Amino acid sequence: MAKKKMTILDFQKFKDEGRKFAFCTAYDYTTATIVDESDVEIILVGDSLGMIMLGYDTTVPVTVDDMIHHIKPVVKGAPNTFIIGDMPFGSYNVSPEQAIETANRLTKETLCDCVKLEGGVNMAPTIRRMVDAGINVMGHIGMTPQTATSFGGFKVQGGTPESARKLIEDAKALERAGVFSMVVECVPSVVAKAMQEEVHVPILGIGAGPYVDCQVLVTQDLLGMYGDFKPKFVKQFANVRKVMVDGLNKFHEETLSGEFPTPEFSFNKAVEIPAVYGPGKN
Ligand code: KIV
C-alpha cells in the first residue's frame, strides 16, 4: 500500500506528540521513486546536489535553474512524499522581493511542497515577508554550507556558551518569522536539545544529536554511495557503492567471457535474411 503523503500539520502533530520522523535527499527520478517506496516522510532536493551530482567543491555555484531541473523529476517520482526545494545561494539574499520571486518560481515550476533557506536572525524579516506572501518556509541554521567560508569551513557551530545562546536566538527568530520547521546542522547535542525545548516548531537535525524531532541525512551518505568522505555524524546504513561496483565488474567480466548475453537476454526470433543481389554484389 502506498504511504500517505504528510503535510505541515502532520509534522507539527508529530512534534507535539513526541513522535520522531526522518528525511533524506534525492536529486533525480529513480532515487525519488526509491525513497517514495520507503517509510521516510520527507525528501529534500538540497543544493548539496552541487557537490553530490555536479561535482562542485561547495554549494555556492548552484543556480535556481539547476534546482528546478532536479526538483521536477523528484516531484514526479515521489507523489507520496513531502518535498522540499532548496533555495540556492544568491537567490534570496538581495531583498525580500527577490526571495519571494525565487520561491514562487521554485514552487510554481516544480510543485514542491515548501522551500528551505539558510540564515537566522538576519533572514527573519525576509522569511516573515515570504510567509505573509503564502510561501511555506523551512529554516536552516547552525552550520550553513552556503556561507561556511565566513566561519572557516564545515565546522561544528554553537560550541561556546555565547554562540550556543546565539543559535537559540536564531531558532526563536525563525519561529517568530513563521517557519513551519527548521534544519539545525552540526551543533552539539545539548545545544540542539535546548533549541528543541525552546521552540515549538519541529527541529530537523543533521549532526545535531538524538534529542531533535527528525533526523536528516544525505541519501548518498547514508547508503554509502559517495566515495571515502564520511562526516562524523553520518551512519552508513548500507554499502550501495560496493554493490554497484561489484555489479559493474560482473557485467564487464561476463561480457568479456561471452557468458552475457545468453538467449534469455536476446531476441531469438528466426529471421530468414535474403541475399542481396545486384551490380557489384554476389
Ligand atoms: O542541501 C542539503 O542537502 C541540505 C542538508 C544538509 C540539510 O541542506
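In each ligand, atom 1 is the first atom listed, and ligand 1 is the first ligand listed. Just so you know, these numbers come straight off a predicted model, no measurement behind them.
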N/O of Tyr27 under 3.5 Å from N/O of ligand 1, yes or no?
no
Nearest non-hydrogen atom to atom 6 (C) of ligand 1 belongs to which of Gln220, Glu185, Met138?
Glu185
Distance flag, aromatic centroids of Phe82 and Phe23, threshold under 6.0 Å
no
Examine distances only and state if a side-chain atom of Thr110 and a backbone atom of Cys112 form a donor-acceptor pair shorter than 3.5 Å.
yes
Lys15 side chain vs Ser181 backbone, donor-acceptor pair below 3.5 Å
no
Ignoring hydrogens and angles, state whether a donor on the side chain of Gln236 or Tyr226 is under 3.5 Å from an acceptor on the partner side chain.
no
Ligand 1 atoms in contact with Asp86 (distance to a heavy atom under 4.0 Å):
1 (O), 8 (O)
Which protein non-hydrogen atom lies closest to atom 2 (C) of ligand 1, naming both residue and atom, and how far is it?
Ser48 OG, 3.2 Å
Would you mind telling me if ligand 1 is within reach of the side chain of Leu44, the backbone, both or neither, using heavy atoms under 4.0 Å?
side chain
Other residues, nucleotides, ligands: >12 heavy atoms within 6.0 Å of Lys5 NZ:
yes
Mark up the atoms of ligand 1 that fall under 4.0 Å of a heavy atom belonging to Thr25, in ascending order.
3 (O)
For Lys3, I'd like to know if atom NZ has over 12 heavy atoms of other residues, nucleotides or ligands within 6.0 Å.
yes
In terms of atom number and element, which parts of ligand 1 are under 4.0 angstrom from non-hydrogen atoms of Ile206?
6 (C)
Nearest-contact summary for atom 8 (O) of ligand 1 - protein heavy atom, Å:
Lys116 NZ, 2.9 Å
